[in-house]
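Naming convention: chains lettered A, B, ... in sequence-line order (proteins, then strands); numbering from 1 in each chain.
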Number of protein chains: 2
Amino acid sequence: MSTRDDLVEATRELLWERGYGATSPRAILDASGVGQGSMYHHFRGKEALAQEAIERNAEEMRAQVVMDLASEGSSLGKIRTYLGRKREVLKGCRFGKLVQDADVVKSPKLRSQVDDTLAWVQVQLAAVIADGVERGEFPRELNPIRTAAAIAATLQGAYVLARAAQDPDVFENAVEGVLDLLAFAQI
Amino acid sequence: MSTRDDLVEATRELLWERGYGATSPRAILDASGVGQGSMYHHFRGKEALAQEAIERNAEEMRAQVVMDLASEGSSLGKIRTYLGRKREVLKGCRFGKLVQDADVVKSPKLRSQVDDTLAWVQVQLAAVIADGVERGEFPRELNPIRTAAAIAATLQGAYVLARAAQDPDVFENAVEGVLDLLAFAQI
DNA sequence: GTCTATACTTGGATAGAC
DNA sequence: GTCTATCCAAGTATAGAC
C-alpha cells in the first residue's frame, strides 16, 4: 500500500461517512496517518483527491452490479438479487450521499462521475427489464426505462428513509414493497 | 414580519439549499439582513434556529400532504396527486436532504423532527393503500406498509437521481415508473 | 433588542528545509 | 517524498456598549 493509496482509501471512507464538504484535509491526514506535505505532494488538493476516491468507488460499484445482474434466472430474480444484496444501510449509498452535497454538485468533475455511475446502473436495470419483456415475463406495456428508474429510485430513497429512522427495517420495507409490485406485474 | 421570523425564514431557505452543516450563522445573517447581536438574542445558536426552521417545514409538509391525499377518487388517484404535485426537483426534498447531513443525524432533536415527518407521511400513504384494498381496488395481498414505504422511497430517490443528473426528467421517469407498477396491481 | 468588537478554532493551502 | 512552520479566511460564539 503506497502512501498515495492510503490517502485515497481514507478519503473514500470519509466521503462515505461525512460527505465531501464536511471532509477536511486534516481529517484525511489523521485517518490515513500520512503527513501534511505528502498529501499536497501527491494531489493538487482536496478535490483532486476526492475525484480519485470516487473513481475507485465507481469501479467497485460497477463490478458489483454486473455480478448481481448476471445471476441465472428470471428478470425479477436478478433484480431481487441486486436489491437484496447485503448493504450498510445506515451509512447510505456512497453515490447518493455525495449528490446531496452542494459542493459536489457545483464541481462538474465530481458531479459527472457520480451521475455517470448512477445513470449506468439504470441502463443495466433497464436492459434486464427489457429482456424480461422480450421473454414474456413482463407485459409489453411495461416501460423498461421508467421501471428501471423507479427501482433505482426506490433503492436510493430506501437509504434516505432508513437513515432518518436510524432503522434498517425501513429500508427492507421499501425494497420489499417495490419487489411486490414487480411481482404483480409479472405475467 | 418580526426579526425573529426573518431569521427562521432565511434559515429555512439556506437549509434547503445547502443543508445544515454547510449553513453558517454568517450566511443566515447576510440572507436575513439581521445583525449578529439580534440572532444570538433570539436563539441560543445555530441548532436552535434550525430546529424552529425544520418545525415550520414540517407544518407546511403535513398540510400539503393532507391536501393531496384528500382529493376525491380512487386510492391510485390520490397517490398520483401526491406524487405528481409540482416540486422544485433540483433543489431536493427539504427533509430528505437534511438527513444525509452527518451533523443532523448526530443531533437527536433535529433528526427526530425529520424522522417524525417522513414517518408520518408513510402512515398517511399506508392508510390510503389500506383503504384501496378495503374497497376492492387493490388485491388483498398488497401490503399497505411496504407499498407506502416503496412509494415514499421512490419519491426520495427520484430527487437523488434527478439531482445527480441535474435533470428533472429523471424524477418524472421514476415517479411514472412506480405509478405504472401500482396501476398493474389494480384489480 | 441591536450593534460592534473580540476570541478562539478549524479549513484549506503554501513555503522551504531536510 | 516527507516534515514543520506559517498564512489567511471562515465558522461559531461571547462581551459589553448603546
Atom pairs and distances, donor-acceptor, side-chain atoms in residues 176-186 of chain B, under 3.5 Å, two or more places apart:
| from | atom 1 | to | atom 2 | distance (Å) |
| --- | --- | --- | --- | --- |
| B:D180 | OD1 | A:R146 | NH2 | 3.1 |
| B:D180 | OD2 | A:R146 | NE | 3.3 |
| B:D180 | OD2 | A:R146 | NH2 | 3.0 |
| B:Q186 | NE2 | B:E137 | OE2 | 2.9 |

Length of the OH-P vector between A:Y40 and D:dA5, whole Å: 18 Å

Atom-pair distance (OH on B:Y20; P on D:dG11), nearest Å: 14 Å

Nearest-angstrom distance from the residue atom CZ of A:R26 to P of D:dC3: 12 Å

Distance, rounded to the nearest Å, where B:L29 contributes CG and C:dA5 contributes P: 16 Å

Crowding at CZ, A:R18 (>12 non-hydrogen neighbours, <6.0 Å): no

Residue-phosphate contact under 4.0 Å: B:T3 side-chain N/O, C:dT2 OP1/OP2: yes

Touch class at under 4.0 angstrom, heavy-atom based, for A:S2 against every strand present: nothing

Nearest to side-chain heavy atoms of B:S38, which nucleotide of C:dA13, C:dA5, C:dC3: C:dC3

Short side-chain donor-acceptor distance under 3.5 Å, B:T154 and A:T154: yes

Report all interatomic pairs (protein N or O, nucleotide N or O of nucleotides 7-10 of chain C) with separations under 3.5 Å.
none

Neighbour count >12 (heavy atoms, 6.0 Å) for atom CZ, B:R135: yes

Test item: side-chain donor near acceptor, A:Q113 and A:Q51, under 3.5 Å: no

Nearest-angstrom distance from the residue atom CG of B:D30 to P of D:dT12: 13 Å

Co-membership, hydrophobic cluster, residues B:I151 and B:M67, 4.5 Å side-chain: no

side-chain N/O A:H42 vs D:dT2 OP1/OP2, d < 4.0 Å: yes

Result of checking A:R56, A:E52, A:H42 against A:D5 for side chain to side chain contact (heavy atoms under 4.5 Å, CB included): A:R56

Whole-Å distance separating the CE atom of B:M39 from the C1' atom of D:dT14: 13 Å

For atom CZ of A:F43 and atom C1' of C:dA13, their distance in whole Å: 16 Å

Position toward the 5' end of DNA chain C (nearest nucleotide), A:R44 or B:G37: B:G37

Candidate nucleotides C:dT4, D:dT4, D:dT2, ranked by approach to the side chain of A:Q36 - the nearest: D:dT4

Separation of atom CG in B:D103 from atom C1' in D:dG11, rounded to whole Å: 12 Å

